Structure formats: structure tokens, C-alpha cells
Amino acid sequence: MENINQKKEWIGWFKAIVITIMLALFLRTFIFATSIVEGESMYPTLQDGERVIFNKVVYSIYEPDRGDIVIIHQPPKNYVKRVIGMPGETIEIQNSQLYIDGEAYQQHFLSDEVIAQTNNFGPIEIPEDNYFVMGDNRLISKDSRNGLGFIPRDDIIGKSELIIYPFSEFGRVE
């Protein structure tokens, strides 16, 4: 009798493990994935080598919003950048001040020092179904100003949600 109960317990554990693995694979494939930040283009918000979890579903329900930190898929790699300009808007940077459709935009996510290092750019109009992105480290970021160009909506594959590694930096991406 004890042998049958022990066998049932092992079967129960096996089922639980299989279901857990299947659930984890489903979540990783369709809902969340991880990405490693490469380089210093998002410093100080994100640092080289940090691992972030990004939400793959949010942009099938909503459109990217200004300020979102997004994952952009442009083979052969993914980029992590911040959405600055929306489709149809005109972007210009003059004397370190960002203007969107002619109005000054306050970038509360950046320090005054980083803002002061932002070079003049534009004006340039963002085509429909495209976005304008920049890294938070404006001096060295490859972004919509200098190499990535406008980002087609279909290239934005997720929104950065959490820093999971290193553990000392664990927390929401903002």
C-alpha cells in the first residue's frame, strides 16, 4: 500500500514539473523574453551587461508611447532605445532642447548634464507607422539620429519591464 502511495506521489511531482516547464516555455515564447543590454547607449538608465525582461504582448494591444524603453529588432541584433517621437510628429533639437512639433519637451528621465550634451538635429518629420528613438546616453548612442533611422512599428518587438541581472539592480525599467 505504501509503495502505491509513493508511486502516486512521484507521478504527481512529475506532472507538476512538466506543467511548470511547459508554462515557462509558453511565457518565454509568447509573453516575456530576456535581452542583454550591449554597450553604454542607455546609460545611466540601463548599463552594459544588464539583463532585462521585456513584454512581447503589450504592443499587440497598445501602441508604443513616448518615453517607453523598447526592444527593436533590426537583424543581426536587437537594440534597446527610448521612444521620443511618434508617427507624424516633427522632431528638432536646438541648443540641447528637444522640440516636438515646435514645442519644448522636458525630458525628466535625463540629467541636465546629459541634456546639455545633446547635439543639434533636425527638424525632421516622422513618417506614418514609424517612430523616432534615442538612447539616454546621447553622446554615443546609435539611434534615429545617426544610424538606425526611423523605426518601423513592426520592428518594435517589446517593452522593457524589469532589470533582472545583476541582482543588485533588480527593479522596474523607467
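Nothing here was measured: the structure is a model prediction, and the numbers come from that model.
Annotation: the span from Lys81 atom NZ to Ile156 atom CD1 amounts to 13.0 Å, rounded to 0.5 Å. In this structure, CG in Asn119 is found 7.5 Å from OG in Ser96, a value given to the nearest 0.5 Å. Atom CD of Gln106 is separated from atom CD of Gln97 by 5.5 Å, given to the nearest 0.5 angstrom. Atom CD1 of Ile71 sits about 12.0 Å away from atom NZ of Lys159, to the nearest 0.5 Å. Taking CD of Gln74 as the reference point, atom CG of Asp155 lies at 5.0 Å (rounded to 0.5 Å). With values rounded to the nearest 0.5 angstrom, Arg82 atom CZ is found 11.5 Å from Ser41 atom OG.
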| query | Given the rule in the side-chain contact (heavy atoms from CB on, under 4.5 Å) test, do Ile151 and Ser144 qualify, once you have shown the distances and angles that lead to the verdict? | reply | CA-CA 7 Å; Ile151 306 299; Ser144 290; 4.2 Å; yes
| Residue pair Val52, Met42: steps toward the side-chain contact (heavy atoms from CB on, under 4.5 Å) verdict | CA-CA 12 Å; Val52 296; Met42 284 301 293; over 6 Å; no
| task | Show the numbers, then the answer: is there a side-chain contact (heavy atoms from CB on, under 4.5 Å) between Tyr131 and Ile72? | result | CA-CA 11 Å; Tyr131 292 83; Ile72 301 160; over 6 Å; no
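In this structure, Asp65 and Val83 have side chains that are not in contact, with every pair of non-hydrogen atoms separated by 4.5 Å or more. With contacts defined as side-chain heavy-atom distances shorter than 4.5 Å, the pair Pro127/Glu125 does not qualify. Counting heavy atoms from C-beta outward, Lys142 and Leu148 have side chains that approach closer than 4.5 Å. Side-chain contact check for Arg153 versus Pro64: some heavy-atom pair is nearer than 4.5 Å. Counting heavy atoms from C-beta on, the side chains of Glu38 and Lys77 come closer than 4.5 Å. Taking the side chain as every heavy atom from C-beta outward, Val133 and Tyr79 never approach each other to under 4.5 Å. Contact of the Asn130 side chain with the Pro87 side chain is not registered, since no non-hydrogen atoms from C-beta on lie closer than 4.5 Å.
In the hydrophobic clustering, where aliphatic and aromatic side chains (Ile, Leu, Val, Met, Phe, Trp, Tyr) are joined below 4.5 Å either directly or transitively, Ile100 groups with Ile84, Ile91, Ile93, Leu98, Tyr105, Phe109, Leu110, Val114, Ile115, Phe121, Ile124, Ile126, Phe132, Met134, Phe150.
Cluster membership for Tyr59 and Ile61, using ILVMFWY side-chain heavy atoms within less than 4.5 angstrom, is shared. Placement of Val57 and Tyr62 within a single hydrophobic cluster is found when ILVMFWY residues are connected by side-chain heavy-atom separations under 4.5 Å, directly or transitively.
Side chain of Asp136 to backbone of Thr45: no donor-acceptor contact under 3.5 angstrom is found. Asp143 places a side-chain N or O within donor-acceptor distance of the main-chain N or O of Gly135, the cut-off being under 3.5 Å.
Closest heavy-atom contact between Pro75 and His73: CG-NE2, 3.6 Å.
The number of heavy atoms from other shown groups lying within 6.0 Å of CG (Asn120) is above 12.
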